[in-house]
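Below, all heavy atoms of this structure are taken into account, side chains as well, without hydrogens, waters or symmetry copies. Small disclaimer: the values here were computed from a predicted structure and weren't measured. Counting starts at 1 for both ligands and their atoms, following the listed order.
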Amino acid sequence: MLAAVRIRLSCLHLPTPPSPPKPSLSFPFSTTPQTRLPHHISATPKPTLPKPSQPTLFIPPGLDPDEVTDQMILPGSNIVVGPYAGDSKIKQVEFVGSSVRPKDCPKDERPEFAMLGRSNVGKSSLINTLVRKKEVALTSKKPGKTQLINHFLVNKSWYLVDLPGYGFANAPESARMDWSSFTKGYFLNRETLVAVLLLVDASVPPQKIDLDCANWLGRNNIAMTLVFTKCDKMKGGKGKRPDENIKSFQELISRNYKIHPPWIMTSSSTGLGRDDLLLHMSQLRNYWDN
Ligand SMILES: Nc1nc2c(ncn2[C@@H]2O[C@H](COP(=O)(O)OP(=O)(O)OP(=O)(O)O)[C@@H](O)[C@H]2O)c(=O)[nH]1
Ligand SMILES: [Mg+2]
């Protein structure tokens, strides 16, 4: 049953049929080369919240696309709120434990969301922001802080999962690990995984390793929401703004995804996108439950 629902959820944004995988120099799992031409969200010269165009919207199951109005689209995202968005409030959170191996993770069948992304992208910070507690998940300026699979039980009913980051460009040798063998089994075998939140740093231009990661998830039918982090960081001078980096990332993603995956802009510093991301997760969860 769980597996069937998972397939239904992931089908919402299946990538184009995969071409033969090409060895990747950076992302530890094999990935797909990009194939389709870009197109995407309308250009937004000033505001930091790009407005999505209709064909790129994420419309949840049970909602007729013709019924979608602007008010139903969560701000700074392409996500439409449908009939399954229930109560998204977080009333309680507790750290359940750290697992060294995927097979040691909790076995109680509760649905879960996994935080995935480059080291230092803000996975642990986002967990703290979502649950409104400062140090539930440990954060650090130095990459490689999170080293295990950490389960946080929310409202005694679902899990947030903090994972080690991939891509240790600036991490000390001691912080590096065999990320691939460590977490690959988790993604491929975790039946209770509702969706992966793939965190992408919006303060820097698109990184190949993140695109490879998104493509790997797509090829393996793992449901993904793109969560752009650090949207508060406005680069001056030559650096691009978060909305420009996000647009570039989405153009690259749309080459491989027939239907654009859900995406949302966030900042753990300002709380941008917090409530909206929770609403999105709530509707995915409720769909899962039903
Ligand atoms: N400006 C800004 N800084 C952020 C944001 N999110 C995280 N940071 C900072 O980025 C650094 C890394 O944050 P973490 O949450 O530890 O990152 P992580 O992805 O969990 O890193 P690993 O555990 O090493 O994989 C910390 O110094 C955070 O304060 C954000 O939204 N805005
Ligand atoms: Mg971390």
Side-chain angles (χ1 to χ4, degrees), residues 26-29 48-49 75-77 93 95-100 105 112-152 159-184 186-187 196-205 207 209-210 212-214 217 224-236 239-243 245-246 249 263-278:
S26 41
F27 186 64
F29 307 163
T48 51
L49 303 183
S77 87
V93 62
F95 173 64
V96 172
S98 300
S99 310
V100 179
C105 292
E112 68 190 37
F113 295 87
M115 302 284 168
L116 175 62
R118 268 184 305 129
S119 192
N120 227 229
V121 69
K123 300 178 289 299
S124 304
S125 301
L126 184 64
I127 287 183
N128 292 335
T129 298
L130 290 177
V131 304
R132 287 222 164 98
K133 293 218 191 293
K134 272 207 176 122
E135 281 285 308
V136 161
L138 299 181
T139 66
S140 168
K141 280 190 181 140
K142 288 189 194 152
K145 179 74 182 168
T146 308
Q147 294 279 306
L148 299 166
I149 303 175
N150 298 308
H151 276 77
F152 299 91
Y159 289 113
L160 275 170
V161 185
D162 198 10
L163 294 171
Y166 57 76
F168 291 88
N170 302 314
E173 196 61 42
S174 59
R176 292 172 193 235
M177 56 179 295
D178 184 0
W179 192 87
S180 170
S181 62
F182 186 73
T183 39
K184 193 175 178 179
Y186 169 83
F187 292 113
V196 168
L197 303 185
L198 177 58
L199 274 61
V200 176
D201 187 342
S203 70
V204 296
Q207 307 286 302
I209 196 167
D210 293 329
D212 285 348
C213 182
L217 292 170
M224 168 186 81
T225 293
L226 287 171
V227 177
F228 293 100
T229 63
K230 308 192 182 183
C231 291
D232 57 285
K233 279 189 162 184
M234 297 300 289
K235 287 271 158 75
K240 296 223 166 143
R241 295 191 312 257
D243 57 321
N245 293 328
I246 290 171
F249 191 90
W263 62 267
I264 186 162
M265 298 173 75
T266 67
S267 161
S268 291
S269 299
T270 65
L272 174 76
R274 181 215 177 245
D275 296 346
D276 301 311
L277 177 56
L278 283 177

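Ring geometry for Phe95 versus Phe152: interplanar angle of 30 to 60°, hence tilted.
Looking at ligand 1, you'll find an N or O of Gly122 within less than 3.5 Å of one of its N or O atoms. In terms of polar-atom proximity, Asp162 is not counted as a contact of ligand 1, lacking any N or O under 3.5 Å from an N or O of the ligand.
Expressed to the nearest 0.5 Å, how far NE2 of His151 lies from OG of Ser98 amounts to 10.0 Å. Ser77 contributes atom OG, which lies 11.5 Å from atom CG of Leu226 (distance to the nearest 0.5 angstrom). One finds the CG atom of Leu126 at 4.5 Å from the CE atom of Met115 (value rounded to the nearest 0.5 Å).
Distances under 2.8 Å from the Mg ion (ligand 2) pick out the protein N/O/S atoms Ser124 OG, Thr146 OG1.
Remark: ligand 1 atoms within the under-4.0 Å shell around heavy atoms of Ser124 are 15 (O), 20 (O). Short contacts between ligand 1 and Ser268, defined as distances under 4.0 Å to a heavy atom of the residue, involve ligand atoms 6 (N), 30 (C), 31 (O). Within the listing of ligand 1, atoms 25 (O) sit less than 4.0 angstrom from a heavy atom of Gly165.
Looking at Val100 and Leu148, their side chains come closer than 4.5 Å, going by heavy atoms from C-beta outward.
Across the listed options Ser269, Ser125, Ser119, Ser125 owns the non-hydrogen atom lying nearest to atom 7 (C) of ligand 1. Looking at Lys123, Arg118, Lys230, it is Lys123 that brings a heavy atom closest to atom 18 (P) of ligand 1.
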Open item on the list: Please determine whether side chain to side chain contact (heavy atoms under 4.5 Å, CB included) holds for the pair Asn245 and Phe228, giving the CA-CA distance in whole Å, both sets of side-chain angles, and the decisive distance to 0.1 Å.
Closed with: CA-CA 10 Å; Asn245 293 328; Phe228 293 100; over 6 Å; no
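Contacts of Thr139 with ligand 1, taken as heavy-atom pairs under 4.0 Å, involve both backbone and side chain. Contacts between Asp232 and ligand 1 below 4.0 angstrom, taking non-hydrogen atoms only, involve the side chain exclusively. Contact annotation for Lys233 and ligand 1: only side-chain heavy atoms (C-beta onward) come within less than 4.0 Å of the ligand.
A donor-acceptor contact shorter than 3.5 Å links the side chain of Lys123 to the backbone of Gly117. In this structure, the side chain of Arg274 engages the main chain of Leu130 through a donor-acceptor pair within 3.5 Å.
Within the 4.0 Å heavy-atom shell around ligand 1 one finds Ser267. At least one heavy atom of Val121 sits less than 4.0 Å from an atom of ligand 1.
No side-chain donor-acceptor contact under 3.5 Å links Asp201 and Thr229.
Here the rule is side-chain hydrogen bond (donor to acceptor under 3.5 Å, both in side chains) with Ser268, and of Asn128, Asp232, Thr129 only Thr129 fits it. Of the residues listed (Asn150, Ile149, Val196, Leu116), the one engaging Val161 in a side-chain contact (heavy atoms from CB on, under 4.5 Å) is Ile149, and it is the only one.
Summarising the geometry of Cys231 relative to Pro242, their closest heavy-atom pair is O-CG, 3.7 Å, with the distance given to 0.1 Å.
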